[in-house]
Amino acid sequence: MKIHEYQAKEILARYGLKTPKGYVTDNPEEAKTIYEKIGTKTVVVKAQIHAGGRGKGGGVKLAHSAEETYDIARKILGMQLVTPQTGPEGKKVLKILIEEGMPILKEYYASITLDRRLAKPILMVSEAGGMDIEEVAKHSPDKILTEVIEPCLGLQRWQANRLAWALKLPSELIKDAVALFMGLWRVYHEEDCSLVEINPLVTTQDGRLLPLDAKITFDDNALFRHNDHLAMRDVTEEDPLEVEASKYKLNYVRLNGNVGCMVNGAGLAMATMDIIKHAGAFPANFLDVGGGANVETVTNGFRIILSDPNVKGIFVNIFGGIVRCDRIAGGIIQAAKNVSIKVPLVVRLAGTNAEEARQMLLKSGISLEVAENLREGAQKIVKLIQK
Ligand code: GDP
Ligand code: MN
């Protein structure tokens, strides 16, 4: 689960880390008051959306008076902000964070995330922080320094120390950097994060070291341990269909293609998406209906898939292992009656009682094609949508 920058900074502050003084608002009038309250000549107005690259998209602007803060707040609030991470449709800005403007000396990068290959968290830092860190990672990975964190020991002070010195920070700021890195680890560990990222981490002309930006992603599998995290969820930032699907406990991820997929099991869902691509089309979604594919889950699945206007056909690929295929077929027939399906439908059922299921589907009177195997199913649906 992603959260906003201002929420991430609230968490850092709770762990005793210094953050720039700032306030969040959705109102340009209030932005003026905030300017006065902050009390520095320069403030920075920052769009709060769940995507990075805001600076590049015009979502981070400096203001030097209450009036200018008001003008910029009016411009940013309500804008459809397009950044390299939002996709071409952008994201609507509903909140802004206004902070004291920092006289930046240099921008650094620091983050803790899970290295899936090592199966351990890593602390990563770079002296080439700021808006082009993705380019740095791609073209000069040697500029990114890492320490592998032993999960049972946690980040060690010597590791934080090594990276603080490696950043060639002014020596009087080493202590602050070490405290910051140790704090980031505590946040990552205690809040069950999958990412804690500070980009940029800055040194200022008045000799401070501060996180100018903060991004935190929580591990969804640990959400049950943190009631306060759910209160930070902002569903306006999520795909409405994904939010709808999560109400029915369906694992649905919207994608850009036009073949809707309904599958049981995440592995089979991935394989189905691959084979659709192999057959020459693109999946419109990932959808794992789970082990108990029944009338209700299949009905909800069809409804959600069909709410996506890009969907030109549906491929149902279900393996009857725990549930028998004839029961699933009954569910599909009933669900197809519940939700009128006006696009081509191909169904492939494999497993226990697959033949009975096939006969049921063929006799159901519902317009659909059955397939024996994955390849045939994918080829059929791709052909049907190309008609
Ligand atoms: P992002 O583009 O979404 O990652 O947003 P950031 O919060 O990282 O801001 C982007 C850039 O705006 C930073 O890399 C800074 O260069 C600049 N910026 C942000 N806050 C300030 C500030 O207080 N003072 C100055 N001078 N620049 C800032
Ligand atoms: Mn940033």
Side-chain angles (χ1 to χ4, degrees), residues 1-26 46-54 59 81 83 85-86 91-99 109-116 119-124 149 151-152 154-155 179-199 201 210-254 266 286 288 290 304:
M1 186 184 107
K2 291 182 180 171
I3 57 172
H4 288 294
E5 174 192 6
Y6 77 93
Q7 295 167 318
K9 283 177 171 164
E10 280 167 15
I11 295 177
L12 298 185
R14 245 201 280 138
Y15 281 76
L17 300 175
K18 284 186 213 119
T19 55
K21 184 173 178 184
Y23 304 92
V24 70
T25 182
D26 56 5
K46 311 182 76 178
Q48 298 298 290
I49 56 167
H50 283 188
R54 294 163 303 166
L81 180 56
T83 84
Q85 294 181 18
T86 57
K91 278 196 169 170
K92 194 174 176 137
V93 182
L94 300 175
K95 282 185 190 140
I96 48 174
L97 171 65
I98 305 176
E99 284 187 341
Y109 174 92
S111 73
I112 299 182
T113 189
L114 180 70
D115 184 315
R116 289 173 193 278
K120 284 173 188 170
I122 51 171
L123 169 62
M124 274 189 283
I149 302 169
C152 55
L155 180 69
L180 176 77
F181 299 159
M182 297 305 287
L184 294 183
W185 165 250
R186 276 190 60 213
V187 171
Y188 180 90
H189 182 61
E190 289 174 32
E191 300 292 327
D192 284 313
C193 303
S194 54
L195 173 73
V196 177
E197 182 183 68
I198 309 298
N199 186 35
L201 167 67
L210 277 172
L212 214 61
D213 189 11
K215 188 167 171 184
I216 289 182
T217 307
F218 298 124
D219 179 351
D220 289 348
N221 295 310
L223 278 178
F224 72 97
R225 293 205 282 231
H226 303 275
N227 286 331
D228 58 322
H229 288 182
L230 271 182
M232 291 182 217
R233 183 167 176 197
D234 182 353
V235 290
T236 67
E237 288 286 330
E238 296 173 27
D239 185 295
L241 284 181
E242 293 183 10
V243 175
E244 180 77 7
S246 70
K247 286 186 197 151
Y248 305 116
K249 303 231 177 331
L250 295 172
N251 259 318
Y252 171 88
V253 180
R254 192 168 176 172
F286 169 98
D288 171 11
I304 284 163

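As the structure is a prediction and not an experimental result, all values here were calculated from the model. Start at 1 with the first residue, then count along the sequence. Any value given below was found using the heavy atoms of this structure, including those in side chains, with hydrogens, waters and symmetry copies removed.
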In short, Asn199 meets Asp213 closest at the heavy-atom pair O-CB, 3.1 Å

Side chain to side chain contact (heavy atoms under 4.5 Å, CB included) filter on Ala214, not counting sequence neighbours, yields Ala8, Lys9, Leu12, Ile198

Salt bridge (charged side-chain N to carboxylate O under 4.0 Å, His left out) filter on Glu197, not counting sequence neighbours, yields none

Separation between CE (Met232) and OH (Tyr6), nearest 0.5 Å, reads 9.5 Å

From the list Glu10, Lys215, Gln48, side chain to side chain contact (heavy atoms under 4.5 Å, CB included) partner of Glu5 resolves to Gln48

Hits for side-chain hydrogen bond (donor to acceptor under 3.5 Å, both in side chains) against Tyr23, two or more places apart or cross-chain, chain-then-number order -> none

Applying side chain to side chain contact (heavy atoms under 4.5 Å, CB included) to Pro151 and not counting sequence neighbours gives Lys120, Pro121

Closest heavy-atom pair, Ala245 versus Ile304, reported as atoms and distance to 0.1 Å, is CA-CD1, 3.5 Å

Closest heavy-atom pair, Ala110 versus Leu201, reported as atoms and distance to 0.1 Å, is CB-CD2, 4.4 Å

task = May I ask you to check whether over 12 heavy atoms, not counting those of His226, lie within 6.0 Å of atom NE2?
result = yes

d(Tyr188 OH, Leu123 CG) to nearest 0.5 Å is 11.5 Å

Looking only at heavy atoms, the pair that brings Leu184 and Ile112 closest together is C-CD1, 3.6 Å

CZ of Phe218 to CG of Leu230, rounded to nearest 0.5 Å, is 10.0 Å

Using modelled atom types and a 3.5 Å cut-off, is there a donor and acceptor pairing between side-chain atoms of Thr83 and backbone atoms of Arg54? no

Those residues at least two apart in sequence (or on a different chain) that pass salt bridge (charged side-chain N to carboxylate O under 4.0 Å, His left out) with Lys247 are Glu244

On a heavy-atom basis, the closest approach of Thr19 and Pro211 is CG2-CG, 4.3 Å

Salt bridge (charged side-chain N to carboxylate O under 4.0 Å, His left out) filter on Lys91, not counting sequence neighbours, yields Glu237

Output for pair (Ile3 CD1, His229 NE2), nearest 0.5 Å, gives 7.0 Å

Contacts of Phe181 meeting ring-ring contact (aromatic ring centres under 6.0 Å, His included) (sequence neighbours excluded), chain-then-number -> none

Residues passing the side-chain hydrogen bond (donor to acceptor under 3.5 Å, both in side chains) test with Arg225, sequence neighbours excluded, are Asp192

* Quick one: does Asp26's side chain have a donor or acceptor within less than 3.5 Å of a partner on Lys95's backbone? -> no

When rounded to the nearest 0.5 Å, the distance separating CG of Asp239 from CG of Leu241 is 5.5 Å

Exercise. Look only at the side chain of Gln85 and the backbone of Ala51, and say whether a donor-acceptor pair between them is shorter than 3.5 Å.
Key: no

Salt bridge (charged side-chain N to carboxylate O under 4.0 Å, His left out) filter on Asp288, not counting sequence neighbours, yields none

Notebook entry, point to check: Going by heavy atoms in the side chains, are Thr86 and Leu81 under 4.5 Å from each other?
Noted result: no

When every non-hydrogen atom of Met1 is compared with those of Asp220, the smallest separation belongs to N-OD1, 2.5 Å

Should we count CZ of Arg116 as having more than 12 external heavy atoms under 6.0 Å? no

For Tyr15, the side-chain hydrogen bond (donor to acceptor under 3.5 Å, both in side chains) test, sequence neighbours excluded, returns Glu191

The side chain to side chain contact (heavy atoms under 4.5 Å, CB included) partners of Thr217 (sequence neighbours excluded) come to Lys2, Ser194, Leu195

Output for pair (Leu250 CG, Glu242 CD), nearest 0.5 Å, gives 12.0 Å

Applying side-chain hydrogen bond (donor to acceptor under 3.5 Å, both in side chains) to Asp234 and not counting sequence neighbours gives His4, Thr236

